[in-house]
Amino acid sequence: MKYVLYNRLSNNGKGENSADEAMAKFASDGEKVDLVGLSVKEWLTKVTADDTIYLCGGDGTLNRFANDAYGVTIPCPVLLYKAGTGNDFYHDIYENYDKSETPEIRKYINRLPMVKVKDIECRFINGIGFGIDGMCCETADLQKGQGVEKIDYTGIAIRLLLFKYKRPNATVYIDGEEMKFNKVWFASAMNGRFYGGGMDNAPDQDRRGDELTAIVWHGGGKIRTLMRFPKIFKGTLINEKCIYAKKGHTIRVVFDRPTALQIDGETVTGVTEYTASKL
C-alpha cells in the first residue's frame with residue numbers, strides 16, 4: 001500500500017492540495033492520511049515492509065512526523081514530497097546526499113537533537129533561531145492571522161533590523177565553555193545548514209554528524225549589518241568577524257531580555273534561554 005501523509009493546515013491551509021498532487025504523481029491507488037489528530041506511533045503499527053509512505057509537506061510537517069515517530073523502527077521507505085514554503089531540510093539533503101524528487105528520509109530522522117525551552121522539550125530537524133530570526137517568525141505568524149497569504153520573510157527581517165528589533169546581550173555555553181556577547185542579532189543552534197527559507201546559516205554543518213553548530217551574529221551597526229545580510233543566503237556570512245561559530249554537543253544560550261525563538265519555523269515567544277543537545 002502507498003500512503004500519502006499530509007497536514008491539511010500546512011502551507012497556509014493548502015496542505016491537502018499538495019497531498020492531492022502527490023497522490024496523482026505517485027500513489028493514485030493509495031490512501032491519503034491527514035496528520036492532524038493522528039497518533040503517528042499507533043498508525044505506524046499497521047505499516048509493513050511492503051508499504052511506502054510519502055510524507056507531503058515542508059519543515060513543519062516533517063518536524064511533527066519526526067517527533068511523533070521518534071524511537072519507532074519504520075519498516076518501509078519514507079519518501080519526502082516537498083510541499084512547504086521554506087523546504088530547508090529538502091534543500092540540504094538534495095544538494096548533499098540524494099538528488100531524488102522524493103528522497104528517502106529515515107536515515108536523517110533516526111537521530112535528532114533535542115531542544116528544551118520554557119516547558120517545551122522536543123526534537124528538531126534544521127535549527128533553533130533565537131533573536132531577530134525568531135521575531136521574524138513571530139511577525140509572520142501575526143500576518144498569517146490577519147489573512148496574509150504570501151509572507152515576505154526577507155522584508156520582515158529588514159524592517160525589524162532597521163526599526164524594531166532591540167539587540168539583547170547573550171551568554172553562550174558550548175559543552176560548558178562560557179562566552180559573552182553584546183548586541184546580538186541572533187544565536188542559533190544548527191543541526192542542518194539551512195533555516196529561514198534558504199538561509200545558509202551553517203555551511204559546514206553535517207546533519208548526520210555528532211555535533212551541532214552554534215552561530216552567534218553580534219555587534220555592528222544597522223547599515224553595516226543590512227549590507228552583510230545577503231551573505232547569509234550564500235553561506236559566506238560565516239566568514240565575517242561579526243560571526244562566532246563553534247561546534248559542540250550541547251549549546252545553551254541565555255539572553256538578558258525575553259525574545260522570540262523559532263524551532264524549525266514554529267514560534268515560541270517571551271524566551272530568555274534554551275538548551276539544544278545532540279548526545
Side-chain angles (χ1 to χ4, degrees), residues 1-90 92-93 97-98 100-128 137 191-192 195 207-208 262-268 276-279:
M1 174 69 77
K2 294 179 180 178
Y3 298 100
V4 172
L5 268 63
Y6 73 101
N7 178 354
R8 68 175 183 272
L9 303 178
S10 67
N11 200 13
N12 297 320
K14 299 177 182 177
E16 190 163 8
N17 294 341
S18 300
D20 290 339
E21 292 175 5
M23 289 286 294
K25 277 188 172 185
F26 309 111
S28 57
D29 57 345
E31 180 181 333
K32 190 168 61 174
V33 180
D34 189 357
L35 285 167
V36 176
L38 179 72
S39 171
V40 173
K41 284 188 177 181
E42 182 178 340
W43 181 82
L44 285 171
T45 60
K46 74 174 186 178
V47 174
T48 72
D50 296 324
D51 297 326
T52 302
I53 296 171
Y54 290 89
L55 183 62
C56 180
D59 299 312
T61 300
L62 178 57
N63 178 292
R64 157 76 195 281
F65 177 82
N67 269 280
D68 288 355
Y70 202 79
V72 175
T73 299
I74 304 174
C76 68
V78 180
L79 308 181
L80 179 65
Y81 179 67
K82 72 177 180 71
T85 52
N87 299 306
D88 289 308
F89 173 87
Y90 182 90
D92 194 359
I93 68 168
Y97 301 109
D98 188 346
S100 164
E101 184 178 11
T102 54
E104 223 279 76
I105 63 171
R106 282 180 296 174
K107 62 185 177 183
Y108 303 114
I109 63 175
N110 62 1
R111 181 169 175 257
L112 292 173
M114 177 75 74
V115 61
K116 297 179 181 180
V117 52
K118 298 177 82 170
D119 58 348
I120 298 168
E121 186 172 341
C122 66
R123 307 282 171 175
F124 64 97
I125 301 293
N126 297 318
I128 308 301
C137 290
N191 184 50
Y195 75 171
R207 66 173 58 249
R208 298 190 70 195
Q262 61 89 9
I263 305 169
D264 289 337
E266 297 298 316
T267 311
V268 186
S277 58
K278 193 170 188 179
L279 303 173

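Since we're looking at a predicted model, the values are computed, not measured.
Between the side chain of Glu104 and the backbone N or O of Arg106 there is at least one donor-acceptor pair closer than 3.5 Å. Checking side-chain atoms of Tyr70 against main-chain N and O of Leu112 turns up a donor-acceptor pair under 3.5 Å. Remark: side-chain polar atoms of Arg208 are not paired, donor with acceptor, to backbone N or O of Tyr108 under 3.5 angstrom. For Thr48 (side chain) and Asp50 (main-chain N/O), a donor-acceptor pair under 3.5 Å exists by modelled atom type. Arg8 places no side-chain N or O within 3.5 Å of a backbone atom of Asp34 that could act as its donor or acceptor partner.
Note that CG of Leu80 is 5.0 Å distant from CD1 of Ile105, once rounded to the nearest 0.5 Å. For the atom pair Met114 CE and Lys116 NZ, the distance stands at 7.0 Å (nearest 0.5 Å).
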Are Val36 and Leu9 close enough, and set up right, to give a side chain to side chain contact (heavy atoms under 4.5 Å, CB included), and what steps lead you there?
-> CA-CA 8 Å; Val36 176; Leu9 303 178; 4.1 Å; yes
Check against side chain to side chain contact (heavy atoms under 4.5 Å, CB included), Leu62 and Ile109 = CA-CA 9 Å; Leu62 178 57; Ile109 63 175; 4.3 Å; yes
Just do the side chain to side chain contact (heavy atoms under 4.5 Å, CB included) check on Leu55 and Leu35 with the steps written out, would you?
-> CA-CA 10 Å; Leu55 183 62; Leu35 285 167; 4.1 Å; yes
Between Tyr6 and Val33, is a side chain to side chain contact (heavy atoms under 4.5 Å, CB included) present by the stated rule, with each step listed?
-> CA-CA 6 Å; Tyr6 73 101; Val33 180; 5.7 Å; no
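Using a 4.5 Å heavy-atom cutoff, the side chains of Ile125 and Arg207 are in contact. Counting heavy atoms from C-beta on, the side chains of Leu5 and Trp43 come closer than 4.5 Å. Under the 4.5 Å side-chain criterion, counting only non-hydrogen atoms from C-beta, Leu44 is in contact with Ile74. At a threshold of 4.5 Å between non-hydrogen side-chain atoms, the residues Thr61 and Cys56 do not count as touching. Inter-residue side-chain proximity for Pro103 and Ile93 is flagged as met; some heavy-atom pair is nearer than 4.5 Å.
Ser10 and Asn7 get closest at one heavy-atom pair: OG-O, 2.7 Å. Of all heavy-atom pairs between Arg64 and Val40, the closest is NH2-CG2, 4.3 Å. A pairwise comparison of heavy atoms in Lys2 and Asp29 identifies CD-OD1, 4.2 Å as the closest pair. Ala22 approaches Tyr81 most closely through the heavy-atom pair CB-CD2, 3.6 Å.
A donor atom on one side chain and an acceptor atom on the other are not found under 3.5 Å apart for Tyr195 and Gln262. Counting only N and O atoms by type, the side chains of Asn126 and Asp59 include a donor and acceptor under 3.5 Å apart.
Salt-bridge annotation for Lys41 and Asp68: absent, with no side-chain N of the basic residue lying under 4.0 Å from a carboxylate O of the acidic one. Looking at Asp51 and Lys46, no side-chain N of the basic residue comes within less than 4.0 Å of a carboxylate O on the acidic one, giving no salt bridge. Salt-bridge formation is not detected for the pair Glu101/Lys82: no Lys NZ or Arg NE/NH1/NH2 atom is positioned less than 4.0 Å from an Asp or Glu carboxylate oxygen.
Between Tyr54 and Phe26, the two ring planes are parallel [angle under 30°; tilted spans 30° to 60°].
Just one residue in the list Asn63, Asn191, Asp88 forms a side-chain contact (heavy atoms from CB on, under 4.5 Å) with Asp264, and that residue is Asn63.
In this structure, Lys278 places its NZ atom where more than 12 heavy-atom neighbours from other residues, nucleotides or ligands lie under 6.0 Å away.
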